[in-house]
Amino acid sequence: MDCLRSFNFTLRNQSNYGASEGFLYWQINSNHFWQIDQALPNVKYLIQGFKNINVFKIEMNGDVNSSPSFATYEALVQNWKWDFQIVGQNSSNVGILAPAQSPDYMITQGSNPSFRLSKLLPSVSFETPIESAKEIIFTNFYCDGIANKTTTSAQVGFVINVTVFYKYEGE
Amino acid sequence: MDNCMNQFSFYIAKTITFTTAAGNYANWTAGATRGWVVKSAADQFNFKIQGFNNINLYGIQMITDVQSGTSGVNHGIVEDYKFRINFTAQTPLISGNFTSNTFSASVTEREVSLGKYQSQILFAQPYQSCSNVEISVFSAQGYDNESLTELKLDLLAQFYFFYKYEGVE
């Protein structure tokens with residue numbers, strides 16, 4: 001697309017995740033399984049400048065894993081996910097909503113839409129952009145796997161590169 | 001890719017033996033499963049870009065295969081692997097700042113990870129004046145390692161770098 005631009009930022013962390021950080025463990029027969037579900041508003045990027053931006057795509061590219069240096073708390077990471085929110089105007093829905101149903105699974109997000117990107121689904125793109133995007137907020141980190149060495153925590157490190165594709169408003 | 005996009009590539013074919021003695025191999029038993037991880041920062045590949053014009057980097061694609069070695073008693077099942085790629089260049093920026101930053105997020109880092117499940121990264125706005133690319137770290141994980149002291153992996157990788165010369169739109 002003409003005038004499509006992009007910027008990047010990198011998230012980096014290494015922690016030993018215990019119960020207070022959302023670590024959960026269970027065992028089936030002799031197999032160990034674990035997950036980490038950490039819900040914190042821990043990264044917010046405020047977009048500044050003379051013009052607002054319209055976001056066309058976000059892509060995550062990264063590495064979430066254990067390491068030989070983690071000694072006692074290794075685990076095999078099999079999947080990872082990030083929830084994030086773009087503070088901006090979502091594209092308008094076209095059509096008529098069906099009458100209220102129960103259960104009603106449909107949620108419309110007129111503004112500040114939320115998304116989840118993961119190891120196997122690392123990007124989301126829009127034909128109609130998220131307009132006047134002011135902030136990008138990462139709200140939740142999740143990963144799971146097998147073979148955790150200890151039953152009380154898992155040490156996981158990540159390096160995640162985020163690419164945001166945008167145009168300036170009016171272009 | 002639009003007009004005037006170029007590419008260069010290089011190829012890695014290497015067998016690496018990771019050992020607990022060297023500190024780049026760890027394995028453990030969890031219930032009935034053996035798990036292992038390796039991380040090698042010693043086997044680096046550094047390519048300096050030379051010539052009259054600098055280049056602007058638009059993307060990287062990788063075609064790879066990592067598997068257990070075929071000899072010895074040091075096999076294991078490879079579940080996932082990653083190559084970390086660093087490059088020396090000007091980062092495309094936008095005005096803004098982090099108002100909350102627990103994870104040391106940075107807009108100036110120039111490092112990407114490509115691997116088994118994510119083999120390509122493309123940018124709409126390039127990293128400019130790229131003068132150097134480096135494969136800095138290789139890491140992998142898996143299970144059912146045969147040996148507790150060493151693991152041998154065969155690496156086969158082709159890296160493609162997409163670029164334009166500075167001054168070419």
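Naming: A, B, ... by sequence-line order, numbering from 1 per chain.
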What part of A/Asn61 lies closer than 4.5 angstrom to a heavy atom of chain B: side chain, backbone, both or neither? both
Determine whether a donor-acceptor pair (N or O, by modelled atom type, separation under 3.5 Å) exists between the side chain of B/Gln141 and the backbone of A/Asn65. no
Say you draw a straight line from CD1 of A/Ile146 to OG1 of B/Thr33; how long is it, rounded to the nearest 0.5 Å? 5.5 Å
Heavy-atom count around B/Gln61 CD within 6.0 Å, excluding the residue itself: above 12? yes
Nearest heavy-atom approach of B/Ser113 to A/Gly62 is CB-C, 4.1 Å
Most chain A-contacting option - heavy-atom pairs closer than 4.5 Å, from B/Gly115, B/Ser95, B/Ala26: B/Ser95
Less than 4.5 Å apart, any side-chain heavy atom of A/Lys149 and any of B/Thr29? no
I want to check something: taking the side chain as every heavy atom from C-beta on, are A/Asn161 and B/Glu111 in contact at a cut-off of under 4.5 Å? no
ILVMFWY cluster, A/Phe158 and A/Tyr73 together (side-chain gap under 4.5 Å): no
Per-residue contact mode, A/Glu74 against chain B (heavy atom under 4.5 angstrom): both
Can you tell which part of B/Ser139 gets under 4.5 Å to a heavy atom of chain A, answering side chain, backbone, both or neither? side chain
With clusters defined by side-chain heavy atoms of hydrophobic residues (ILVMFWY) lying less than 4.5 Å apart, directly or transitively, does A/Ile36 cluster with B/Val37? no
More than 12 foreign heavy atoms under 6.0 Å from CZ of B/Phe87: is that the case here? yes
Quick one: which of A/Thr150, A/Thr72, A/Leu76 gives a side chain to side chain contact (heavy atoms under 4.5 Å, CB included) with B/Trp28? A/Leu76
Please state whether the side chain, the backbone, both or neither of A/Tyr166 comes within less than 4.5 Å of a heavy atom of chain B. side chain
Would you find more than 12 non-hydrogen atoms of other residues, nucleotides or ligands less than 6.0 Å from A/Phe115 atom CZ? yes
Between A/Phe9 and B/Phe98, is the ring centroid distance below 6.0 Å? yes
Is A/Ile136 close to chain B through its backbone or its side chain, or both, or neither, when contacts mean heavy atoms under 4.5 Å? neither
How many angstroms lie between OG in B/Ser100 and CD1 in A/Ile137, if you round to the nearest 0.5 Å? 9.0 Å
Should B/Leu57 and B/Phe83 be counted in the same cluster of Ile, Leu, Val, Met, Phe, Trp and Tyr side chains packed under 4.5 Å apart? yes
Below 4.5 Å, heavy-atom pairs only: which of B/Glu109, B/Gln118, B/Lys39 has the largest tally toward chain A? B/Gln118
Honestly, the part of B/Arg84 sitting under 4.5 Å from a heavy atom of chain A is side chain
Begin with the C-alpha distance, continue with both residues' side-chain angles, and end with the deciding distance and a verdict on side-chain contact (heavy atoms from CB on, under 4.5 Å) for B/Thr91 and A/Phe7. CA-CA 8 Å; B/Thr91 311; A/Phe7 71 94; over 6 Å; no
Which heavy-atom pair separates A/Thr163 from B/Leu122 by the least distance, and what is that distance? CG2-O, 4.4 Å
Does any part of the side chain of A/Tyr45, heavy atoms only, come nearer than 4.5 Å to the side chain of B/Val107, both counted from C-beta? yes
Out of B/Arg34, B/Lys82, B/Glu79, B/Gln120, which one racks up the most heavy-atom pairs below 4.5 Å with chain A? B/Lys82
Hphob cluster co-occupancy, A/Val159 + A/Phe141, side-chain heavy atoms under 4.5 angstrom: no
Please identify, among A/Leu11, A/Asp63, A/Val164, A/Ile47, the residue contributing the most non-hydrogen atom pairs under 4.5 Å to chain B. A/Asp63
Among the options A/Gln14, A/Gln78, A/Lys57, A/Gln27, pick out the one with the most heavy-atom pairs lying under 4.5 Å from chain B. A/Gln78
Chain A contact via B/Asn97 - which portion, at a heavy-atom distance below 4.5 Å: both
Who wins among A/Leu46, A/Val162, A/Asn13 for the most heavy-atom pairs under 4.5 Å with chain B? A/Leu46
May I ask you to decide if A/Ser6's main-chain N or O and B/Gln125's side chain share a donor-acceptor pair within less than 3.5 Å? yes
Kindly give the heavy-atom pair with the smallest separation between A/Leu4 and B/Ala124, and that separation in Å. O-CB, 3.5 Å
Checked B/Pro92, B/Pro126, B/Ser104, B/Ser106 vs chain A; the most non-hydrogen pairs under 4.5 Å come from B/Ser106
Rounded to the nearest 0.5 Å, how far apart are OG of A/Ser123 and CD1 of B/Ile121? 11.0 Å
Are B/Ile77 and B/Ile16 linked, directly or through other ILVMFWY residues, by side chains that come within less than 4.5 angstrom of each other? no
